[in-house]
Amino acid sequence: MNYTCPLIEISGKPHARGVQYGKVARPQIERGVRHYVGQLEKLGFGRHKIHETVRAYLPVMEAYDIDCVDEMRGIAEGAELPLEDIAFLNARTEVVKLGQNPQLREKAGLAGLSDECTSALALPAATRDGTVIQGQNWDWKLECAESTVVLKIRRDDGPDVLTFTEAGGLARSGMNSAGIAITSNYLDCERDYRELGIPLLLTRRKMLEATHLPLVTQIVYGTKRSGSNNIMASHCGGVGYNLECAPDEVFAIFDDDGLITHANHWNAPAAKAKLRDLGIANTPDTLLRDCRVNQILSAERGSITRETFKKAFLDDYQHPYSVCRPPRESTTMAASATVASIIMEPELGIMELAILPALNPEYTTYTLEMSHVAQTKAAAAE
């Protein structure tokens, strides 16, 4: 097993970036397509039906952001795969739900599973060096550890982006050269997948292209979603918050003395009063993970570093139901694990990443030149 994640650097216009990406990441992309198509075929939803569903969904994606779709076309060209395969990778959760919901298929023009995460954010009041540190563990299918990449996107029309993602994906968790960091978590409620919305991965990519934190907020509050998810967003200048997103409503959570932690259950009092939390039954370790990460970080409040985050994310208390999940069967899949642990300190342009940390707790460092941060600070000084 290879415990390193390849770094792929792309630049230029969206289509050209995609071609570069697809050529370099073709083996990982093909592996991911085989895996997810195989998953749906077991549900009786074969490749032809997947492509039919995706083709009906593509106009929704194009109306949201044509550049994202142009980049996906480039990825498909570079990897020598159908566009439908790449679009499927970027909307797999939505397509799986479409495949299981005849009413949604009809709305898409046609007559699961949950990935789990534990996220944390430490603001300057809680860190040793007065910087912002943000990160997460991504718990998902064991097989997907071999189809992930770190993508560095050099953009001509906005901040550069450094993101960890499944190969072929436009983004998952990451940061940009304007100092914005984004992590996300699975959430579940009774309002999910009643309406057709924008794929979550496309919205995360748009957030990572944002120049200012309020623009991230605008994307979260202004974008129609099919399903729930949690977004933790911060700026290296010292501000961050958590946004629990139902399909039609958002609940903001602010820091407690410089700290925010989140797993796969709803925390906002208003959300708990208005929604039925359907995720805990499928992710029963969510309460433990949130508590443990909060305990470990709180114990070092005021002196937190990236090493403190590693201590929290590698925690094995209540193994194998721990924050750092070893390969094991879960309630929704045969073999799951903490596939990746990501820790970012955006002011320094540093992202540290460990693949399958329960088996190999070694982090690799990736960097991003923070030119937009320097420009912002210079403008503020004037």
Side-chain angles (χ1 to χ4, degrees), residues 14 18 36 50-76 83-101 103-110 112-115 117 151 153 158 161 163 165-166 168-174 176 180 182-189 191-211 213-233 242-252 275:
Y36 287 118
I50 293 170
H51 283 191
E52 187 180 2
T53 305
V54 169
R55 281 193 295 273
Y57 204 5
L58 272 169
V60 176
M61 301 185 204
E62 289 177 323
Y64 178 67
D65 193 293
I66 190 65
D67 285 348
C68 283
V69 178
D70 283 346
E71 191 162 324
M72 286 193 283
R73 292 184 193 279
I75 296 169
L83 170 61
E84 291 86 348
D85 282 348
I86 305 304
F88 171 50
L89 291 176
N90 282 281
R92 60 169 171 78
T93 302
E94 290 80 5
V95 170
V96 167
K97 296 297 184 179
L98 281 167
Q100 295 172 337
N101 188 327
Q103 288 78 25
L104 274 183
R105 288 206 299 275
E106 185 176 346
K107 289 182 180 182
L110 302 167
L113 297 169
S114 58
D115 50 343
C117 302
L151 193 61
I153 308 163
V161 174
T163 179
T165 185
E166 292 182 88
L170 296 178
R172 176 164 285 278
S173 300
N176 71 20
I180 288 171
I182 300 291
T183 52
S184 60
N185 308 54
Y186 155 83
L187 287 172
D188 198 359
C189 76
R191 300 181 190 177
D192 290 349
Y193 299 99
R194 295 177 176 178
E195 300 291 337
L196 192 66
I198 305 303
L200 298 176
L201 291 189
L202 269 66
T203 61
R204 291 172 196 166
R205 172 62 176 269
K206 292 292 289 180
M207 294 175 206
L208 285 170
E209 292 179 349
T211 54
L213 196 56
L215 299 180
V216 174
T217 307
Q218 181 183 46
I219 292 166
V220 174
Y221 277 81
T223 302
K224 183 179 179 181
R225 292 169 293 278
S226 295
S228 300
N229 78 130
N230 184 73
I231 295 294
M232 194 172 283
N242 189 86
L243 302 171
E244 294 184 333
C245 308
D248 57 352
E249 197 165 4
V250 180
F251 305 92
L275 304 173

message: Is the shortest side-chain heavy-atom distance between Y193 and T93 below 4.5 Å?
response: yes
query: Going by heavy atoms in the side chains, are R225 and D192 under 4.5 Å from each other?
result: no
Minimum heavy-atom distance L58-A87, with the two atoms named: CD2-CB, 4.0 Å
- prompt: Of all heavy-atom pairs between S228 and C189, which one has the smallest distance, and what is that distance?
  reply: OG-SG, 3.5 Å
- prompt: Can you tell me how far CD1 of I219 sits from CZ of R204, rounded to the nearest 0.5 angstrom?
  reply: 13.0 Å
- request: Would you confirm whether N242, through its side chain, and N230, through its main-chain N or O, come within 3.5 Å as a donor-acceptor pair?
  value: no
- prompt: Can you list the residues that meet the side-chain hydrogen bond (donor to acceptor under 3.5 Å, both in side chains) rule with R205, with sequence neighbours excluded?
  reply: E71, E209
Reported CG-to-CG distance for the pair N185 and N229, which is rounded to 0.5 angstrom: 8.5 Å
message: D70: which residues meet the salt bridge (charged side-chain N to carboxylate O under 4.0 Å, His left out) condition with it, sequence neighbours left out?
response: none
task: To the nearest 0.5 angstrom, please state how far the OG atom of S173 sits from the CG atom of L208.
output: 8.5 Å
field: Smallest separation among heavy atoms of I180 and A210, with atom names
entry: CD1-O, 3.5 Å
task: Provide the closest heavy-atom pair for Y57 versus I198 in the form atom of the first, atom of the second, distance.
output: OH-C, 4.0 Å
message: The criterion is salt bridge (charged side-chain N to carboxylate O under 4.0 Å, His left out); which residues satisfy it with R73, sequence neighbours excluded?
response: E62
- request: Calculate, to the nearest 0.5 Å, the distance between atoms NZ and CG belonging to K206 and D65 respectively.
  value: 4.0 Å
- prompt: Out of curiosity, L202 CG to L200 CG, how far, rounded to the nearest 0.5 Å?
  reply: 9.5 Å
query: Side chains of R191 and L275: closer than 4.5 Å at any heavy-atom pair?
result: yes
- prompt: Distance from D67 atom CG to M72 atom CE, nearest 0.5 Å?
  reply: 11.0 Å
- request: Go through the structure and list residues passing salt bridge (charged side-chain N to carboxylate O under 4.0 Å, His left out) with R172, not counting sequence neighbours.
  value: D115, E166
- request: Please name all residues satisfying salt bridge (charged side-chain N to carboxylate O under 4.0 Å, His left out) with D188, sequence neighbours left out, ordered by chain then number.
  value: none
field: Step-by-step side-chain contact (heavy atoms from CB on, under 4.5 Å) determination, I75 to L89
entry: CA-CA 11 Å; I75 296 169; L89 291 176; over 6 Å; no
message: Is the shortest side-chain heavy-atom distance between M207 and V220 below 4.5 Å?
response: yes
message: Using side-chain contact (heavy atoms from CB on, under 4.5 Å), reason through K224 and L196 one step at a time and then give a plain yes or no.
response: CA-CA 8 Å; K224 183 179 179 181; L196 192 66; 5.7 Å; no
Non-hydrogen atoms of S184 and I231 that approach each other most closely: CB-CD1, 3.8 Å
query: Hey, does P199 have a side-chain heavy atom less than 4.5 Å from the side chain of M61?
result: yes
- prompt: So, does N90 use its side chain to make a donor-acceptor pair with the main chain of L170 at under 3.5 Å?
  reply: yes
- request: State which residues pass side-chain hydrogen bond (donor to acceptor under 3.5 Å, both in side chains) with T163; sequence neighbours excluded, sorted by chain then number.
  value: none
